[in-house]
Amino acid sequence: MKIATWNINGIKARLETVQTWLGSASPDIACFQEIKSVDEGFPAEIFEEIGYNVAVHGQKGFNGVAILSKLPFDEVIRGLPGDPDDAQSRYIEGVFSVPSGVVRVVDIYLPNGNPTDSEKFPYKLAWMERLKARVKELLSYEEPFVIAGDYNVIPTPEDVYDPAAWISDALFRPETRAQYQKLVNLGLTDAFRACHDEPHQFTFWDYQAGAWQKNHGIRIDHLLLSPQAADRLVSCDIDAEPRGWEKPSDHVPVVMELAV
DNA sequence: ATGTCACCTGCGAGGTGA
């Protein structure tokens with residue numbers, strides 16, 4: 001089965017682009033971030049007409065995540081556990097039955113964290129700590145799962161066109177990378193890096209300063225796999241093409257194939 | 001490069017977030 005992640009940067013502004021991409025890529029499951037819409041504003045019917053089940057965790061104006069799936073949802077969980085006061089919609093889980101058993105797909109929009117001298121940076125690090133706790137719990141089930149999304153983390157200097165330019169940014173700060181590494185060290189596999197070792201493979205190019213034309217990108221959209229999912233990994237690729245389309249998102253889809 | 005884009009309020013253009 002094909003599982004994709006894509007920060008679409010607003011469903012209202014991106015509906016046509018998303019429809020075009022779904023038509024050609026035809027993922028079995030698509031995890032979207034930054035839908036920037038409340039649940040009722042997300043055009044679920046349009047996706048249902050082309051064969052998808054839809055689960056949304058939206059928010060007015062900002063953030064928001066949604067999972068589209070050709071398989072029916074056995075279960076949906078909305079919100080990252082660990083802080084009942086957190087009102088930001090950045091987390092949704094779906095559980096699916098497959099021939100080999102069950103697959104859980106977690107869709108995250110990890111906080112950006114800039115500026116780093118504001119409350120946003122500690123919020124990011126605390127959110128990552130909560131994610132680690134949830135992952136520990138999921139690992140105890142010993143089932144295949146995928147955590148897909150916009151991590152807002154540049155894992156290594158190989159994943160940015162100019163490391164020096166990003167060193168003080170919340171996406172590349174040592175604290176951020178260390179916290180991400182702790183998460184991976186629980187026993188997760190970066191699906192893209194398991195399939196590709198070439199540097200400078202990017203998933204985001206800023207709208208500003210001709211970043212796309214100069215290939216000034218960063219790799220911040222990831223699919224992390226549990227051991228049981230990693231055993232079933234077939235391929236993982238970045239689809240950079242939509243970044244060159246009319247009215248693009250600043251992120252592009254990452255697509256993996258899982259043998260189920 | 002102070003560079004662009006999306007969304008909100010609310011009807012014009014500035015504020016927020018990325």
Side-chain angles (χ1 to χ4, degrees), chain A residues 5-21 31-44 46 56-66 80 85-92 107-128 131 148-155 159-173 175-177 179-180 202-222 238 240-254:
Chain A
T5 181
W6 192 10
N7 179 324
I8 60 173
N9 190 16
I11 188 58
K12 296 176 193 76
R14 214 69 61 214
L15 183 56
E16 271 190 50
T17 308
V18 166
Q19 285 177 287
T20 301
W21 184 79
C31 298
F32 294 150
Q33 303 87 38
E34 275 203 276
I35 63 170
K36 296 185 175 178
S37 161
V38 293
D39 292 4
E40 313 80 65
F42 191 83
I46 290 175
V56 184
H57 187 37
Q59 181 181 341
K60 189 175 183 177
F62 309 105
N63 307 324
V65 286
L80 176 61
D85 295 331
D86 186 357
Q88 301 191 28
S89 298
R90 299 176 170 278
Y91 186 100
I92 188 169
D107 179 9
I108 68 166
Y109 176 45
L110 204 149
N112 177 292
N114 283 306
T116 53
D117 62 357
S118 75
E119 74 291 339
K120 291 180 180 181
F121 192 50
Y123 172 71
K124 174 179 193 159
L125 296 175
W127 203 94
M128 295 178 82
L131 179 61
D150 176 358
Y151 281 69
N152 272 313
V153 175
I154 301 166
D159 299 310
V160 48
Y161 70 98
D162 180 8
W166 285 78
I167 195 64
S168 59
D169 192 284
L171 280 61
F172 195 53
R173 279 272 292 257
E175 302 95 316
T176 304
R177 279 186 277 163
Q179 187 70 357
Y180 177 82
F202 305 133
T203 66
F204 169 93
W205 296 260
D206 202 288
Y207 289 122
Q208 299 187 68
W212 167 245
Q213 288 75 13
K214 299 178 196 165
N215 197 27
H216 286 182
I218 56 180
R219 189 174 75 93
I220 56 174
D221 299 273
H222 309 299
I238 296 167
E241 200 190 305
R243 188 63 180 80
W245 294 353
E246 291 294 310
K247 250 174 94 70
S249 170
D250 40 7
H251 296 250
V252 295
V254 185

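Note that these values count all heavy atoms, side chains included, but never hydrogens, waters or copies made by symmetry.
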Exercise for the section: Look at all strands and tell whether R243(A) reaches a base, only sugar-phosphate, or nothing, counting heavy atoms closer than 4.0 Å. Expected result: nothing

Rounded to whole Å, the CD-P distance (E34(A) to dA6(B)) equals 11 Å

Residues passing the salt bridge (Lys or Arg N to Asp or Glu O under 4.0 Å) test with E175(A), sequence neighbours excluded, are R173(A)

Exercise for the section: Could you measure between the two P atoms, the one in dG17(B) and the one in dG12(B), and give it in whole Å? Expected result: 26 Å

When Q208(A) and S37(A) are each assigned the nearest nucleotide of DNA chain B, the 5'-most assignment goes to Q208(A)

- prompt: Hey, does A13(A) reach any base, or is it just sugar-phosphate, or nothing, if we go heavy atoms under 4.0 Å?
  reply: sugar-phosphate

Whole-Å distance, I8(A) CD1 to dC7(B) C1', equals 13 Å

F121(A) CZ to dG17(B) P, in whole Å, measures 18 Å

Atom CH2 of W205(A) and atom P of dC5(B) are separated, to the nearest Å, by 16 Å

Do T203(A) and D221(A) pass the side-chain hydrogen bond (donor to acceptor under 3.5 Å, both in side chains) test, and can you show the C-alpha distance, the side-chain angles, and the key distance before you say yes or no? CA-CA 6 Å; T203(A) 66; D221(A) 299 273; 2.6 Å; yes

Whole-Å distance, N7(A) CG to dA18(B) P, equals 11 Å

D169(A) atom CG is separated from dG17(B) atom C1', nearest whole Å, by 14 Å

Next on the checklist: If you define the side chain from C-beta out and look only at heavy atoms, does anything of P115(A) sit under 4.5 Å from K120(A)?
Outcome noted: yes

Practice prompt. Find out whether the Lys NZ or Arg CZ of R177(A) is both under 6.0 angstrom from the six-membered ring centre of F172(A) and within 45° of the ring's axis.
Written response: yes

Item checked: Inter-nucleotide C1' distance (dG10(B), dG14(B)), Å rounded -> 12 Å

- Query: Does a nitrogen or oxygen in the side chain of K36(A) sit under 4.0 Å from OP1 or OP2 of dG17(B)?
  - Reply: no

In whole angstroms, the gap separating P of dG17(B) from CG of L171(A) amounts to 16 Å

Checking dG17(B), dT9(B), dT4(B) against the side chain of K60(A) (C-beta onward), the nearest is dT9(B)

- Item | Any side-chain heavy-atom pair of D150(A) and T5(A) under 4.5 Å | no

Using the P atoms only, state how far dT2(B) lies from dC7(B), rounded to an integer number of Å. 25 Å

**Study point:** Flag if over 12 foreign heavy atoms under 6.0 Å of CD, Q213(A)
**Key:** yes

Scan F204(A) against the nucleic acid and name what it touches under 4.0 Å (heavy atoms): base, sugar-phosphate only, or nothing. nothing

Taking for A209(A) and for R90(A) the nucleotide of DNA chain B with the nearest heavy atom, the one nearer the 5' end belongs to A209(A)

The single option from T176(A), L110(A), N112(A) that satisfies side chain to side chain contact (heavy atoms under 4.5 Å, CB included) with L171(A) is N112(A)

Short N/O separations, protein against nucleotides 11-16 of chain B, under 3.5 angstrom:
none

Using only atom types and a distance under 3.5 Å, with no angle test, would you say the side chain of S249(A) pairs donor to acceptor with the backbone of N7(A)? yes

To the nearest angstrom, the OH-P distance between Y123(A) and dG17(B) comes to 13 Å

